[in-house]
J.: 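What follows is a single structure, and I will ask about it in a moment.
Here is how names work: the chains are called A, B, and so on, in the same order as the sequence lines, proteins then strands, and each is numbered from 1. This is a predicted model, so every value here is computed, not measured.
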Amino acid sequence: MPELAEVEYYRKQWSPGLEQKVVSVDVNYDKRIFRDVDTLALVKNLPGQQLMSSHTHGKQMLFVFGSQHWLGIHLGMTGKTSTQKKDYEATKHDHLVINLKLGLKLVLSDPRIFGKVRYTQSSEPPDWWSNLPPAVLSEAFTEARLEDFLQRRSRAPIKAVLLMQETFPGVGNWMADEILWRARLHPGTRCGAIKPKQRRELYHHLGEVCRDALKVIGSDWGKPPDNWLFNHRWKDGGICPKTQCPLVRETIGGRTTCWSPDWQGGPS
DNA sequence: CTATTTGTTTATCC
DNA sequence: AGGATAAACAAATA
């Protein structure tokens with residue numbers, strides 16, 4: 001589920017635990033979500049540490065404990081974070097529970113376990129955090145950068161390319177559709193066929209959708225307004241808010257894609 | 001019982 | 001060699 005803005009929302013769900021000290025950590029050891037984690041070290045070394053800060057970058061979250069404990073969480077398809085009271089009973093999908101002083105519990109649940117936990121002990125931020133690509137809303141994400149990438153992926157459909165985290169960290173399926181719809185670009189358009197004018201539109205709406213999503217969903221998971229594609233894309237018989245014509249759904253780039261044929265034209 | 005899912009990695013094909 | 005695409009991962013929901 002979680003894309004850029006949802007991840008920001010879930011980061012905040014652990015904020016009640018800021019400044020609090022870890023008492024103990026419960027882990028579902030055999031779960032795939034811990035495939036790259038030394039769970040024994042996590043359970044042994046996190047207690048005693050204070051939750052100092054939390055951050056997001058694209059779909060990646062970072063929780064800093066003490067001065068050298070770095071906990072990374074990727075929510076995959078169905079991951080969720082929450083803070084619970086001390087009488088909370090963990091369910092079978094609560095794979096990580098961090099028990100804090102004063103009885104708060106920081107819970108990570110993930111039924112499908114496509115998510116991923118990371119844990120590094122070091123004085124410097126770990127590579128998996130510092131080597132992330134420039135965020136879409138950062139200074140470093142220039143129009144030239146977008147242009148280079150479209151050039152390099154010239155034969156792939158733009159929908160598939162927008163989902164590539166190496167260049168568009170945080171963009172997921174619904175955001176990609178929303179961006180293309182606003183930019184009036186057919187999702188099947190090969191990147192090499194995108195005209196300079198359309199490229200500028202794409203760049204503009206890419207940033208716009210990220211900002212809008214963070215504003216509406218990232219703060220308190222509000223409902224997006226009806227003039228977004230968002231509210232119309234899931235259900236059968238959806239209507240394009242721009243043209244009042246029927247929306248179409250089809251698999252493009254391996255993912256369910258929704259677009260408005262008379263608004264976004266044909267592929268390439 | 002079958003089809004579907006807002007994500008990523010790996011394998012395979014071109 | 002590098003890019004494009006399909007399959008795999010796992011479990012709930014319709």
J.: Do W181(A) and P241(A) make a side-chain contact, defined as non-hydrogen atoms from C-beta onward lying under 4.5 Å apart?
T.: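 The answer is yes; the side chains approach within 4.5 Å.
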J.: Looking only at side-chain atoms of A156(A), point me to the closest of dA10(C), dT6(B), dA4(C).
T.: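 Within the option list, the nearest is dA4(C).
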J.: For D262(A) versus R184(A), what's the shortest heavy-atom pair and its separation?
T.: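 Looks like O-NH2, 4.2 Å.
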J.: For W221(A) and dT6(B), give me the distance from atom CH2 to atom C1', rounded to whole Å.
T.: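 Those two atoms, CH2 and C1', are 9 Å apart.
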J.: Which of these nucleotides, dT8(B), dA11(C), dT5(C), is closest to any side-chain atom of K31(A)?
T.: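 Among the listed nucleotides, the one closest to the side chain of K31(A) is dA11(C).
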J.: Which sits closer to the 5' end of DNA chain C, R153(A) or H93(A), going by the nucleotide each is nearest to?
T.: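 Whichever sits nearer the 5' end wins; that is R153(A).
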J.: Counting heavy atoms from C-beta on, name the nucleotide in dT6(B), dT5(C), dA10(C) closest to the side chain of E3(A).
T.: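 When the side chain of E3(A) is considered, dT6(B) is the closest of dT6(B), dT5(C), dA10(C).
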J.: Rounded to the nearest Å, what distance is computed from the CG atom of residue N231(A) to the C1' atom of nucleotide dT6(B)?
T.: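 Value for this atom pair: 14 Å.
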J.: Taking donor-acceptor contacts at under 3.5 Å, does the side chain of R255(A) reach the base of dT6(B)?
T.: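 Result: no qualifying N/O pair found.
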J.: Can you confirm whether K31(A) sits close enough to L96(A) that some side-chain heavy atom of one is under 4.5 Å from a side-chain heavy atom of the other?
T.: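 No, their side chains stay 4.5 Å or more apart.
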J.: Is F114(A) stacked on the base of dC9(C), meaning ring centres closer than 5.5 Å and planes within 30 degrees of each other?
T.: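 It does: the ring sits over the base of dC9(C).
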J.: From the set dG7(B), dT6(B), dT5(C), return the single nucleotide nearest to any side-chain atom of H74(A).
T.: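 Closest of the options to the side chain of H74(A): dG7(B).
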J.: Using a 4.0 Å heavy-atom cut-off, does G172(A) contact any base of the nucleic acid, only the sugar-phosphate backbone, or nothing at all?
T.: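 G172(A): backbone/sugar contact only, no base atoms under 4.0 Å.
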J.: Decide yes or no on side chain to side chain donor-acceptor pair (under 3.5 Å) for Y88(A) and D94(A), but give the supporting numbers first.
T.: CA-CA 11 Å; Y88(A) 176 78; D94(A) 295 334; 2.6 Å; yes
J.: Only pairs with both distances under 3.5 Å count, Watson-Crick or wobble alike; so what is the partner of dT6(B) in this structure?
T.: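 None - no nucleotide pairs with dT6(B), as no candidate has both distances under 3.5 Å.
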J.: When we call it a touch if two heavy atoms are under 4.0 Å apart, what does K116(A) touch: a base, just sugar-phosphate, or nothing?
T.: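 Contact class for K116(A): none.
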